[in-house]
J.: 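Mind looking over this structure? Questions follow.
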Amino acid sequence: MPHMIIRGISVPQIQAISTALIVELADVCSCGTDNFMLECLPTVSIFQGEICETYPFIEVGWFERGQEIRDAYAKVLTKHILSLGIPEVEIAFKVYREDSYYWNGKLV
């Protein structure tokens, strides 16, 4: 159920890579492609009182899968983002705790 919150990358850019990206990430995580969600947030960044370009940043919310899977996931994600001609991207993982995750009001 990895959930990716994406800032600083346009919706059309994410659409262009989304299918191949999700197929590769599903392979890394050994799960189906229907487990993934890409969420593109429109963001306005401000520096020294001026609107400026937002740097590419992706937050991945998921249940921990270990360092090896995390590294492989970040590598695949980075490869696809850089393929768009974007020179750099930052990725951060946010780990959900199973004892704090609810679905329809019930502990999963």
J.: Kindly give the heavy-atom pair with the smallest separation between L82 and I86, and that separation in Å.
T.: CD2-O, 3.0 Å
J.: Return each pair, listed once, that meets ring pair (Phe, Tyr, Trp, His ring centres under 6.0 Å) where at least one residue sits in residues 64-91; pairs must be two or more places apart or across chains.
T.: W62-Y73, Y73-F93
J.: For the residue pair M4 and L77, establish whether any side-chain heavy-atom pair is separated by less than 4.5 Å.
T.: yes
J.: Side-chain contact, heavy-atom cut-off 4.5 Å: F63 with P2?
T.: no
J.: Using the side-chain hydrogen bond (donor to acceptor under 3.5 Å, both in side chains) criterion, which residues pair with K79? Sequence neighbours excluded.
T.: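 side-chain hydrogen bond (donor to acceptor under 3.5 Å, both in side chains) check on K79 returns E24.
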J.: If you take all heavy atoms of A74 and I91, which pair is closest and at what distance?
T.: O-CD1, 3.8 Å
J.: With Q67, which residues qualify under side-chain contact (heavy atoms from CB on, under 4.5 Å), at least two apart?
T.: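 Testing Q67 for side-chain contact (heavy atoms from CB on, under 4.5 Å), a comparison that skips the adjacent residues, returns R70, D71.
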J.: Could you tabulate the donor-acceptor pairs under 3.5 Å formed by side-chain atoms of residues 11-19, not counting sequence neighbours?
T.:
residue: Q13; atom: OE1; partner: S10; partner atom: N; Å: 3.0
residue: Q13; atom: OE1; partner: S10; partner atom: OG; Å: 3.1
residue: S18; atom: OG; partner: Q15; partner atom: O; Å: 3.0

J.: For the atom pair CD (E64) and CD1 (I69), what is the distance rounded to the nearest 0.5 Å?
T.: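 E64 atom CD to I69 atom CD1 measures 10.0 Å (nearest 0.5 Å).
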J.: Can a donor-acceptor pair be found, under 3.5 Å and without considering hydrogens, that links the side chain of R7 to the backbone of I5?
T.: no
J.: Look up atom CE in M37 and atom CD1 in I22, then write down how far apart they are to the nearest 0.5 Å.
T.: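 Those atoms lie 9.5 Å apart.
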J.: Identify, with sequence neighbours excluded, every residue that meets side-chain hydrogen bond (donor to acceptor under 3.5 Å, both in side chains) alongside E39.
T.: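 By the side-chain hydrogen bond (donor to acceptor under 3.5 Å, both in side chains) rule, E39 matches H3.
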J.: List the atom of L107, the atom of S100, and the distance in Å for their closest heavy-atom pair.
T.: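 Answer, listing the atom of L107 first, then S100: CD1-N, 4.1 Å.
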J.: Grouping I, L, V, M, F, W and Y whenever their side-chain heavy atoms are under 4.5 Å apart, do F36 and V108 come out in a common cluster?
T.: no
J.: Let me have the donor-acceptor pairs involving side chains of residues 41-57, under 3.5 Å, with sequence neighbours excluded, atom names and distances please.
T.:
residue: T43; atom: OG1; partner: L41; partner atom: O; Å: 3.3
residue: S45; atom: OG; partner: T54; partner atom: OG1; Å: 2.7

